[in-house]
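Structure, as structure tokens:
Every number for a ligand or one of its atoms is a count from 1 in the order of the listing. Scope of the values below: all heavy atoms of this structure, side chains included, with no hydrogens, waters or symmetry mates. Everything numeric in this text was worked out from a predicted model, so none of it was measured.
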Amino acid sequence: MHGPEHALGVHRVLEPPGVLPQAALRLDADPAITADEVRIAVQRLNLDAASFRQLSEACAGDGEAVRAAVLDIVRTRGKMQNPVTGSGGMLIGVVDAVGPESPLGLSVGQRVATLVSLTLTPLRITDDLREWDGRSEQVPAEGTAILFARSIAAVLPDDLPDAVSLAILDVCGAPAATARVMERSGARSVVVLGAAGKSGCLSLAAARSAGARQLTGLVRNEQEAAALRAAGLADRVVVADATDPLAVAAAVGEAADVTVVCVDVPGAEHGAVLATADGGTVVFFSMATSFPAAALGAEGMAADVTMLVGNGYTPGHAALALELYRSTPGVRALIEPRIDS
Ligand code: NAP
């Protein structure tokens with residue numbers, strides 16, 4: 001029987017000693033499992049949107065260079081954690097081996113999505129990612145990944161294509177966090193920044209089903225505005241650069257009870273604060289969020305807003321997001337074109 005630190009995967013940390021896997025520079029990705037671990041035969045990675053954008057921009061859109069950069073990160077670190085954004089993503093695969101003491105309830109042969117971040121998942125790639133052109137967030141891959149005892153995975157639904165499940169499950173924390181804030185605070189108005197993206201449109205749908213009555217979706221251009229209007233998820237669609245605080249404030253107009261930040265670029269903190277009414281809440285789901293920019297920005301504007309870090313995990317988050325996708329044609333219309341199957 002192992003101690004509690006084993007369940008968190010501390011035995012897999014190679015450098016520096018004593019930290020948890022997420023904070024580690026390097027993990028041991030050896031496919032041999034201990035008694036409470038599970039090994040997954042990897043089929044596809046979903047790179048976090050902020051991470052993929054950063055890598056693409058750093059490589060000037062050269063897919064071959066992006067592929068080489070991802071391979072280098074995984075080989076060097078034993079996990080897929082972008083050193084610039086700090087973010088990862090998640091993966092799907094087939095359960096390949098289950099230790100006798102694993103509490104996760106998985107069986108060999110089940111097809112699953114890992115719902116813990118790639119930033120703490122020991123990962124070994126064995127196919128050089130040769131099926132990937134480096135131009136999409138979703139990465140066909142072969143190799144092995146390890147789940148610890150204190151971990152979480154969802155069995156993949158039979159009724160949706162894998163690429164769709166992967167894309168939705170990657171951002172399933174956003175609609176769950178939005179619904180929870182709306183329900184707990186009794187808020188009625190919500191602004192979503194990056195509303196035509198995957199987490200953005202799911203958050204709008206979650207806010208609507210949690211009782212929101214004034215939904216504003218902020219997007220970056222007329223093309224996205226047309227798509228969001230056609231999807232029918234928002235009462236009002238406005239166009240502004242989320243990284244331009246004054247433009248956001250002008251576009252949003254009357255500040256909302258809740259603002260959800262779903263863009264995949266840095267610099268949306270101040271606009272989000274300005275879009276939020278006094279006593280309201282900002283949910284920073286974006287991994288490109290800066291804690292100092294958010295905290296000091298709110299202080300500097302004397303804004304009495306509660307700021308939440310969008311936790312990727314909320315109980316029931318996977319089922320909620322999949323159900324919103326199935327039941328909301330507008331969500332499907334926005335997400336499907338973003339997925340290359
Ligand atoms: P996505 O589908 O790419 O959506 C992002 C949206 O933001 C896109 O519509 C994008 O427009 C828009 N956008 C980008 N720059 C903008 C700007 N300056 N002004 C207005 N809109 C802008 O991304 P996603 O998968 O939903 O992910 C969104 C964020 O969630 C990312 O930062 C990701 O890292 C984060 N995330 C967090 C967690 C967590 O656990 N907290 C988990 C997964 C992902 P274009 O398409 O035109 O670029």
Side-chain angles (χ1 to χ4, degrees), residues 22 45-57 80-82 84-91 113-120 136-138 152 163-164 166-178 191-206 216-228 231 233-234 237-245 247-248 251-252 259-272 275 283-291 308-314 317-318 321 325 331 334-340:
Q22 213 265 334
L45 311 177
N46 190 92
L47 301 182
D48 171 72
S51 170
F52 178 69
R53 181 183 284 268
Q54 187 279 327
L55 286 166
S56 295
E57 288 176 0
M80 179 53 213
Q81 183 172 28
N82 181 319
V84 177
T85 62
S87 57
M90 33 87 73
L91 62 83
T114 62
L115 297 182
V116 285
S117 172
L118 290 179
T119 60
L120 56 86
S136 56
E137 285 170 21
Q138 294 209 1
I152 173 165
V164 169
L166 186 55
I168 294 167
L169 293 172
D170 180 46
V171 296
C172 66
T178 304
V191 172
V192 176
L193 306 186
K198 297 182 289 294
S199 58
C201 69
L202 282 163
S203 297
L204 279 175
T216 301
L218 182 141
V219 296
R220 77 147 124 207
N221 57 36
E222 279 305 330
Q223 197 188 344
E224 284 200 328
L228 184 57
L233 300 174
V237 176
V238 297
V239 177
D241 176 355
T243 67
D244 179 342
V248 171
V252 167
T259 300
V260 189
V261 181
C262 291
V263 295
D264 56 347
V265 290
E269 299 84 358
H270 296 174
V283 181
F284 286 109
F285 188 70
S286 167
M287 284 292 167
T289 302
S290 153
F291 176 75
L308 301 178
V309 176
N311 180 351
Y313 175 70
T314 305
H317 61 339
Y325 182 84
V331 168
L334 288 168
I335 290 184
E336 263 164 23
R338 290 182 176 270
I339 296 170
D340 14 53

Next on the checklist: Taking 4.0 angstrom as the limit and counting only heavy atoms of D241, give me the atoms of ligand 1 inside it, by number and element.
Outcome noted: 17 (C), 18 (N), 19 (N)

Checklist entry - Which of the atoms of ligand 1 are close to S199, meaning less than 4.0 Å from one of its heavy atoms? => result 24 (P), 26 (O), 27 (O), 28 (C)

I need the [X] [atom1] to [Y] [atom2] distance, nearest 0.5 Å.
| X | Y | atom1 | atom2 | answer |
| --- | --- | --- | --- | --- |
| E224 | C201 | CD | SG | 10.5 Å |
| S117 | Q81 | OG | CD | 7.0 Å |
| L55 | L47 | CG | CG | 7.5 Å |
| D264 | F52 | CG | CZ | 10.5 Å |
| M80 | T119 | CE | OG1 | 10.5 Å |
| R53 | N82 | CZ | CG | 13.5 Å |

Item to check | Residue pair L118 / L91, side-chain heavy-atom distance below 4.5 Å | outcome: yes

Checklist entry - Taking non-hydrogen atoms only, is A167 closer than 4.0 angstrom to ligand 1 via side chain, backbone, both or neither? => result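 It is neither part, as no heavy atom is under 4.0 Å.
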
Checklist entry - With a 4.0 Å heavy-atom cut-off (strictly under), which part of D48 contacts ligand 1: side chain, backbone, both or neither? => result side chain

In the protein, what heavy atom is nearest to [atom], and what distance, to one decimal place, separates them?
| atom | result |
| --- | --- |
| atom 43 (C) of ligand 1 | D170 O, 3.2 Å |
| atom 15 (N) of ligand 1 | V265 CG2, 3.4 Å |
| atom 30 (O) of ligand 1 | F285 CD2, 3.3 Å |
| atom 31 (C) of ligand 1 | V263 O, 3.6 Å |
| atom 41 (N) of ligand 1 | G310 O, 2.9 Å |

Checklist entry - Does ligand 1 have an atom that lies less than 4.0 angstrom from a heavy atom of A174? => result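 For ligand 1, residue contact (heavy atoms, under 4.0 Å) with A174 is absent.
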
Next on the checklist: So is C262 touching ligand 1 or not, going by heavy atoms under 4.0 Å?
Outcome noted: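 Checking ligand 1 against C262, which is what was asked, there is a heavy-atom contact under 4.0 Å.
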
Checklist entry - Donor-acceptor pair, S286 side chain versus C262 backbone, under 3.5 Å? => result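 Between the backbone of C262 and the side chain of S286 there is no qualifying donor-acceptor contact (under 3.5 Å).
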
So between [options], whose heavy atom ends up nearest [atom]?
| atom | options | answer |
| --- | --- | --- |
| atom 27 (O) of ligand 1 | A49, G197, A268, S117 | A49 |
| atom 8 (C) of ligand 1 | R53, E137, R338 | R338 |
| atom 10 (C) of ligand 1 | Q54, K198, M90, E224 | E224 |

Item to check | Greater than 12 external heavy atoms within 6.0 Å of E336's CD | outcome: yes

Item to check | A242, any N or O under 3.5 Å of ligand 1 N or O | outcome: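 There is such a contact, yes.
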
Checklist entry - Taking both backbone and side-chain atoms of V171, is any N or O found less than 3.5 Å from an N or O belonging to ligand 1? => result no

